Amino acid sequence: MSKQVTVSPIEKIWFIVNLIPKGYVCSYGKVADLAGLPGRARYVSTALKRAPKEMTLPWHRVVNSQGKISFESNTQAYQNQMERLRLDGVEVNRGKILLSQYEWKPDLATLMFEIPF
DNA sequence: ATTATGACGGAAG
DNA sequence: GCTTCCGCCATAA
């Protein structure tokens with residue numbers, strides 16, 4: 001029998017965010033769902049904030065359900081995320097990302113075999 | 001225990 | 001497209 005490994009909620013969130021491919025984005029709510037934590041979109045933002053600085057995490061690929069960056073537009077963080085998305089090839093027009101074009105849709109194989117929880 | 005605070009989401013005006 | 005309001009839930013005080 002395989003051993004039961006327990007993964008903490010925050011680790012599940014980090015794991016899912018790491019799966020978001022370059023060139024795509026995913027909403028806080030969707031990340032929560034994929035992590036098996038429905039209804040906890042706000043916790044995803046908490047988890048990203050709490051990630052150790054040395055951890056390389058594509059946090060910039062997480063946007064809100066409207067396809068907008070969740071920082072206030074006059075902040076450094078906003079500009080930072082904007083630039084990282086640009087480097088990913090994701091275009092932000094008038095502060096908005098076209099989800100119909102850039103939203104990450106994990107394929108079945110990813111859902112079944114790459115998520116160990 | 002209670003209250004306040006968010007990198008949220010969705011409905012309503 | 002706004003903006004406001006409310007439900008949501010983990011943390012911190």
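This is a predicted model, so every value here is computed, not measured.
For A/Glu103 and A/Lys30, the salt-bridge test passes: some basic side-chain N is under 4.0 Å from an acidic carboxylate O.
Checking the phosphate oxygens (OP1, OP2) of B/dC8, a side-chain nitrogen or oxygen of A/Ser70 falls inside 4.0 Å.
Across the protein-nucleic acid pair, A/Tyr28 atom OH and B/dG10 atom P stand 14 Å apart, rounded to whole Å. If you measure from atom CG of A/Leu37 to atom C1' of B/dC8, you get 14 Å, rounded to the nearest angstrom. Across the protein-nucleic acid pair, A/Lys12 atom NZ and C/dC9 atom P stand 16 Å apart, rounded to whole Å. Rounded to a whole Å, the CD1 atom of A/Ile10 is 14 Å from the P atom of B/dA7. For the pair A/Asp33 CG and C/dC9 P, the interatomic distance rounds to 13 Å; values are reported in whole Å. Following rounding to the nearest Å, A/Ile69 (CD1) and B/dG6 (C1') show an atom-to-atom distance of 18 Å. To the nearest angstrom, C1' of B/dG9 lies 9 Å from CG of A/Asn64. If you take CD of A/Gln66 and P of B/dG10, they are 7 Å apart, rounded to a whole angstrom.
Listed nucleotides: C/dT11, C/dC9, B/dG9. Nearest to the side chain of A/Arg40: C/dC9. Proximity note for A/Arg42 (side chain, C-beta onward) versus B/dG6, B/dG10, B/dA7: the nearest is B/dG6. Residue A/Ala41 has its side chain nearest to B/dC8 when only B/dG6, C/dG1, B/dC8 are considered. The nucleotide whose nearest atom lies closest to any side-chain atom of A/Tyr43 is, among C/dA10, B/dG9, B/dG6, C/dA10.
Looking at A/Glu72 and A/Thr75, their side chains never bring a donor and an acceptor atom within 3.5 Å of each other.
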Open item on the list: Would A/Val92 and A/Tyr102 count as a side-chain contact (heavy atoms from CB on, under 4.5 Å) here? Give the steps.
Closed with: CA-CA 10 Å; A/Val92 187; A/Tyr102 295 107; over 6 Å; no

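Only one option out of A/Leu48, A/Leu37, A/Val17 pairs with A/Val31 in a side chain to side chain contact (heavy atoms under 4.5 Å, CB included); it is A/Val17.
Within the nucleic acid shown, A/Ser65 comes within 4.0 Å of sugar-phosphate atoms alone, with no base atom in reach, counting heavy atoms only. Residue-level contact check: A/Arg94 touches neither bases nor backbone, having no heavy atom under 4.0 Å from any strand.
In this structure, A/Asp88 contributes its side chain and A/Val90 its backbone to no donor-acceptor pair below 3.5 Å.
Nucleotides of DNA chain C nearest to A/Arg50 and A/Lys96 differ in position, and the one nearer the 5' end is that of A/Lys96.
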